[in-house]
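These notes concern the structure reproduced below.
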Amino acid sequence: MSAEPVVLIIEDDADLVRLYEVLLSLVGKSVKTDVCMDGKAGLERVQREPEPRLILLDLHLPHVEGKEIFQAARANTSSTIVVVTADVLAARDMLSNADHVVTKPFDALAFKDFLSELLGK
Amino acid sequence: MIPVLTHLRKAADWAFFVPGTADPDEARRRAILARISIFLLGTCLAILLDTVRGYSLSQYLSGGFIHDLLESDGGRELFLGGIAGMFSLLMVWGLNRNKLGALGWLPSALMLLSVTVLVAYSDAPLEIVDGRSLMLWVIPIAMAPLILPSWTAFLAASASAAAITAIFVRLGNWVNWYSILALFAIAFVSWLSARALEDALRAERNEAEKSRVILENVADGVLVVDDAGLVQVANPAARSILGDELARAARNLGERLEMPGRVVEFSWAQIKGVGRAAVLRDITRQVETERAKDALLGTVSHELRTPLAAIGGFAEIIGLLSQNEKISEMAGRIVSNVGRLKGLVNSLLDQAQIQAGTLKLTRGMVSPAKLAMDIRDLLGGLAQEKNLTFEVFVQPHTPETVGGDAERLHQVLVNLVGNAIKFTERGTVSLQMYPLPDEKWGFSVSDTGDGIPAARLPDIFKPFRRGADYATRTRQGAGLGLSISKQLVELMGGSILVESEVGQGTTFCVTLPLEVVR
C-alpha cells in the first residue's frame, strides 16, 4: 500500500493557501499537503523527498521566482505541475511548458473538480 | 594635382583675408576691396612687364636698360605709373587687412582716390575730358558703391566732374556739361543697383536673424550633425538637454538616448548637403509615466486578481456548503460580483496592452461554425432569461476554417452578442456567419433593441463611453468592450461597422481577412 499522495502548495498568499486546503478537503481523497510560502522554501522542497503527486505553483514569489522552481521541479520530479498565477502575460508564456495553467481568479468549484480529476489518476 | 589646388586655395585665402567687422556690409565691401586690389595689382604687374618687353636682353646686360626705358617716349610714364600704382595698391591691400575700427572706410577711400588719379593721368588731357578716354571715369563711379556706402557713387561722380572741369578749364574751355550729366546718370544707376543689392541682403539677414532667434528660443532642442559626425548646430535647448552628452548624441542614430537620469527622444531627418538634423525632446517625465503605468498595470493584474480568487473561492465554498438558502443566495451574489470585477480587470489589462502595442495575437485555425455554436451555448441561457429569440445562423459556403486567434475572436463575439442581449428587452438577437468575396469572411450581430442615436454612433467605439447612457436603465460595465473589440478586429486586419436606428435595433458587421490555414 502506497503512502497518501502529497500535494505541494507553493503560494505566498495565506488566504489562497487556505482556499486550496479547503478545496482539497472537499475533493474527498486522503492527501497530505505541504505548504511553502516563499520561493526559496519551494525550491528546496521540490528537490527533496517525498516527491509530490501534484504541485500548485504560483509564479511571483518572494526570493525565488516560480519559473525557477518550475524548472527545478521538472528536473527533479515527475509531479504534475499546475501553475496558478495572477499574471496573465506570464501565464501565456507558461502555456507551452506547464501541464496546466490556471489564471487567478478562477472558478473555485471547477478548480475543485479539476483537482479531483488530477488526483484520481 | 590636389596638393597644388590646396596650396592655391591657401594662397587665395591669405591674399583675400579681411578681418571681421561689426557691420556685415562693411565686411562685404572690404572683401570686395581685397579682391579688386589683388586684381589691379596683377594688372599693374602685367603693364610693367609689357613695358619692359620691348627692351632686349642685350640692352639689359649692357647696363643701359633702366636709363633707356626712362628716356623712351611713353615708357617712362608707364613704368613710373606702374610702380606708383603697385605701391598704392599694396598700401590699400595691406591697410585693408587690419582691424581699423571706425576707419574701416579708409582703404576703400584710398583706393577710390588712387583710381581717380590714375584715370586723370591715363591719357592726354583733352582725350580724358572730351575724347576717347572719357569713359574711363565710369570706373571710379561704378567702383565706389562696391567698396563704400552706395551714396559714394555720387561722391565719385562729383570728384570726377571736378577733375574734368579743372582739366577742361586749364585747357582753355569752360564746363563740359554733357559729360558731367552723363557721369551723374551713371552714378545714379550704380547707386540704384547697389541699393537694390543692399536691401536684398538686409532682408536676407533679417530672415536669418529671425531664424536664429527662433532656434535660440524654441523649447525643443535642434541638433545638426555633418556627415563626419561633427556638431554643426546645437541650439541652447539642445545644449541644456544634452549637457555633456552632446558628442555622444551626435553619434546616436536612434530615436531614443538614455542618459543618467534622462531620456531624450530624437527625430532625425537627412538634409542633403548638410548632414543629419534632429529635433530632440526631453521625455524623461513621459517615460517615467509610462513605467508607472506599466507598474500600475502589474499591480492591477496581480494584486487585484489574487484577493479576487480568494473572495470568489470562499464564497463559492460557502454557497456549496451552506444549508441556509439565504446564505447560499448571498454567496452567489458575491461570486457573480467577483465575476464582474474579473471582467473589468481583464478589460483594463486588454485596453492597456492594446494602447501600449504589446497585445499579441496567436495564430491558429478557427472554425466560424464552432465559434457560433460556442457563443450559442455560452449566451443562449442569458437570452432565454430575457425571453429573447437568439438566432445563430451559419450561411452556406462560410469557410470551414479560417486563420486567426480563436480566443480573441471568441472575446469579440461574446462582447458583441452579450451587448446585444444586454441592450435588448424584446425581440430577437441574431448572429450570422457568412462568406465574403476577396479572401474575406465576416459575421454580423443584430438586435431589435432601442438602437443608438446617429449622433452617438461615432463615440461608441471610444474607450470608457457607452452608447447606452442615453437610456434610463442602469447598465453595467466600464464601456471598454466595444473599444477593445474594435481594436482587436483591427489588429486582426479586419474592420467593424455599426448601423443603428433608434427604436429599430442595431447591427454590427465584422469583416475579417480569410488567411485560411493551408
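Bear in mind that the values here come from a model prediction, so they are computed numbers and not experimental data. Below, chains carry the letters A, B, ... as their sequence lines are ordered, and counting in each starts from 1.
Considering all non-hydrogen atoms of both residues, B:Ala309 and A:Leu19 come closest at O-CD2, 3.6 Å. Heavy-atom minimum distance, B:Gly313 versus A:Ala108: CA-CB, 3.4 Å.
Only the side chain of B:Leu320 comes within less than 4.5 Å of a heavy atom of chain A; its backbone N, CA, C and O stay farther away. Only the side chain of A:Asp13 comes within contact range of chain B, with at least one heavy atom under 4.5 Å from a heavy atom of that chain. Only the side chain of B:Leu321 comes within less than 4.5 Å of a heavy atom of chain A; its backbone N, CA, C and O stay farther away.
At most 12 non-hydrogen atoms from other residues, nucleotides or ligands lie less than 6.0 angstrom from CZ of A:Arg18. The number of heavy atoms from other shown groups lying within 6.0 Å of CD (B:Glu490) is above 12. Within a 6.0 Å radius of NZ in A:Lys29, other residues, nucleotides and ligands contribute more than 12 heavy atoms. Around the CD atom of B:Gln384, the shell of radius 6.0 Å holds no more than 12 heavy atoms that belong to other residues, nucleotides or ligands. Residue A:Lys40 places its NZ atom among 12 or fewer non-hydrogen atoms of other residues, nucleotides or ligands, all under 6.0 Å distant.
One finds the CD atom of B:Glu316 at 9.0 Å from the CZ atom of A:Phe106 (value rounded to the nearest 0.5 Å). With rounding to the nearest 0.5 Å, the separation of CG in A:Leu16 from CZ in B:Phe314 is 7.5 Å. Taken to the nearest 0.5 Å, the NZ atom of A:Lys112 stands 9.0 Å off from the CD1 atom of B:Ile317. Of the inter-residue distances, the one linking B:Thr306 atom OG1 with A:Asp15 atom CG reads 10.5 Å to the nearest 0.5 angstrom.
Distance alone, capped at 3.5 Å, is enough to place a donor-acceptor pair between the B:Arg305 side chain and the A:Lys104 backbone.
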